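Inspection log for the structure reproduced underneath, given as structure tokens.
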Amino acid sequence: MLTKRSYIDRIHPEVELLREGSEWLRSGELVAFPTETVYGLGASALDALACEKIFWVKGRPQDNPLIVHVSNRAMANKLVERWTPEAELCVQHFWPGPLTLVLPKTALVPDVVTAGLANVAVRMPSHPVALGLIEETGLPIAAPSANLSGKPSPTSGSHVWRDMKGKIPLILDAGACQVGVESTVLDVTGGVPTILRPGGISKEMLEEILGEVRMNTLTDNRVPKAPGMKYRHYAPQGDMIVMVGLQERVIQRMGQEIQKGHARLKKVGVLCTLESAPFLHSRLPDLLFVLGSKHRSEEVASNLFEGLRLCDERGVDIILAEGIEEGGLGAAIMNRLQKASGHRIEYI
Ligand code: AMP
Ligand code: MG
């Protein structure tokens, strides 16, 4: 299939391009588009066949449900059977934005979208291109991240191009995504709201509005509530280790691993904070990628997937990543680092 990559204005998207995207979506095809979190691979959420294509193109496991994106509340109402007071509060405070709400679904939502679950995950994105495309289509759009399953999520049009070229008819490219990690997935079906996946809206931000909020970890449930969380995700090709601890000790350990890697003729890449970079630079890794300042987790979040993808592009064999503190966006960042490394975390 011939893939067209159209550059679209991120603030004032060109109407002709939105229309072209909406025509593909209404005819049952897939379109990749930017959101404020990462790029999405969209299909009409009411078209079961189109949604099946998403799984096929990504190589996504069938039991991993899709998030449905809406551009207004009336559209969300058609998908959700019952809103809880907590869900209403979330809509008021965090929509449009990087928060996905899990709520009981209506019969309108095809089973393939929810992977047979009784709940649907709904989000209203804030990116003007995403909102414009959904509005122009007039339909809710199911969209997971526009990467091949298991690979780091795409945070730029170039990332999508590399993964989706030849597989879908259209990529709307608006440059880099702002947030850079996926949305927070929050179960608000009743009882204490529970974070099923940490993301762009932190636990602390939710607690300010909702009071008590729980973090669901995989070990809490034999059957994970957000099925996607059980898979190895975001994984670069190289072997990855995340190192957490006092800065000097992390730097020292990384220095040793760089030497060990080089002795085995391996290419060693380092993903680290701005604060550690000068010290690691002198240890001569083959690639040094600065994620951002440890005091600005938004910066680290927005660069994370770019760093992981760069390691692949440069053929890095061993990736050493510096962990960061878990507060705020730090929880989402550490969650992605854990998954990317296949849970290889060294506490030093
Ligand atoms: P992705 O679209 O790849 O960013 O992943 C979406 C995440 O939301 C995965 O972790 C899914 O398991 C989770 N999710 C989507 N739909 C539901 C649902 N109906 N109930 C619970 N979790 C969901
Ligand atoms: Mg994904």
Side-chain angles (χ1 to χ4, degrees), residues 30 32-43 45 51 54-55 57-70 76 79-82 84 87 98-123 125 130 140-155 159-160 163-164 177 179-190 193-201 214-218 220-221 223-236 301 304-305 308-309 332 335-336 338-340:
L30 308 187
F33 62 97
T35 80
E36 70 277 24
T37 57
V38 303
Y39 274 74
L41 180 64
C51 291
I54 292 180
F55 288 87
V57 162
K58 275 183 63 93
R60 185 177 175 97
Q62 290 287 336
D63 67 348
N64 191 3
L66 306 175
I67 295 173
V68 183
H69 297 73
V70 298
L79 309 170
V80 171
E81 187 65 50
R82 191 171 37 81
T84 56
L99 180 65
T100 296
L101 302 175
V102 171
L103 287 160
K105 82 175 193 78
T106 61
L108 204 61
V109 183
D111 281 340
V112 57
V113 170
T114 60
L117 298 173
N119 297 326
V120 63
V122 196
R123 170 166 110 84
I141 304 297
S145 45
N147 54 300
L148 297 174
S149 218
K151 291 280 133 208
S153 296
T155 50
H159 297 163
V160 181
D163 280 14
M164 291 297 148
C177 299
V179 180
V181 288
E182 297 85 344
S183 61
T184 301
V185 179
L186 187 68
D187 181 335
V188 274
T189 50
T194 304
I195 296 175
L196 304 182
R197 172 180 76 182
I201 300 285
R214 278 205 195 119
M215 188 71 87
N216 189 66
T217 57
L218 263 185
D220 287 352
N221 294 58
V223 180
K225 276 195 171 170
M229 296 306 283
K230 67 175 184 261
Y231 293 105
R232 178 142 191 243
H233 251 144
Y234 319 115
L304 180 61
F305 290 130
L308 291 172
R309 281 184 172 255
N335 170 274
R336 304 311 185 264
Q338 263 184 42
K339 304 206 94 199

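When a ligand or atom number is given, it counts from 1 through the structure's own listing order. These numbers come from a predicted model, not from an experiment.
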*Any N/O pair Lys58/ligand 1 closer than 3.5 Å*: no

*Which heavy atom of Phe55 sits nearest a heavy atom of Asn64, and at what distance?*
CE2-O, 3.3 Å

*Ion pair Arg123/Glu182, N-O distance below 4.0 Å*: no

*Proximal ligand 1 atoms for Val185, defined as those under 4.0 Å from one of its heavy atoms*: 8 (O)

_Atom indices of ligand 1 within 4.0 angstrom of Leu66 heavy atoms, with elements_ = 16 (N)

*For the residue pair Cys177 and Pro154, what are the closest heavy atoms and their distance?*
SG-O, 4.5 Å

*Atom OG1 of Thr37 and atom CG of Leu99: how far apart are they, to the nearest 0.5 Å?*
11.5 Å

*Taking the side chain from Lys58 and the backbone from Ser145, do they hold a donor-acceptor pair closer than 3.5 Å?*
yes

*Spell out, as yes or no, whether a donor-acceptor pair under 3.5 Å connects the side chain of Arg60 to the backbone of Pro65.*
yes

_Heavy-atom closest contact (Tyr234 atom, Lys339 atom, distance)_ = CD1-CB, 3.7 Å

*Hey, which atoms in ligand 1 end up nearer than 4.0 Å to a heavy atom of Asn119?*
19 (N)

*With a 4.0 Å cut-off on heavy atoms, is Thr100 touching ligand 1?*
no

*Can you tell me how far CG of Asp163 sits from CG of Leu148, rounded to the nearest 0.5 angstrom?*
4.0 Å

*asked:* Can you name the atoms of ligand 1, numbered from 1 with element, that are less than 4.0 Å from a heavy atom of Ser145?
replied: 2 (O), 3 (O)

*What protein atoms of element N, O or S are positioned under 2.8 Å from the Mg ion (ligand 2)?*
Ser145 OG

*Report the member of Val120, Asn64, Leu117 with the shortest heavy-atom distance to atom 20 (N) of ligand 1.*
Leu117

*Which atoms from ligand 1 have a heavy atom of Ala121 less than 4.0 Å away?*
15 (C), 16 (N), 17 (C), 19 (N)

*Can you check whether Thr114 has an N/O within less than 3.5 Å of an N/O in ligand 1?*
no

*Backbone N or O of Gly199 within a donor-acceptor pair of the Thr184 side chain at under 3.5 Å?*
yes

*Lys105 near ligand 1, heavy-atom distance under 4.0 Å?*
no

*What pair of heavy atoms forms the shortest contact from Leu30 to Ile54, and how long is it?*
CD2-CG1, 3.8 Å

*Enter the distance from Leu304:CG to Ser153:OG here, rounded to the nearest 0.5 Å.*
9.5 Å

_With nothing but distance in play, are any N or O atoms of Glu182 less than 3.5 Å from an N or O of ligand 1?_
no

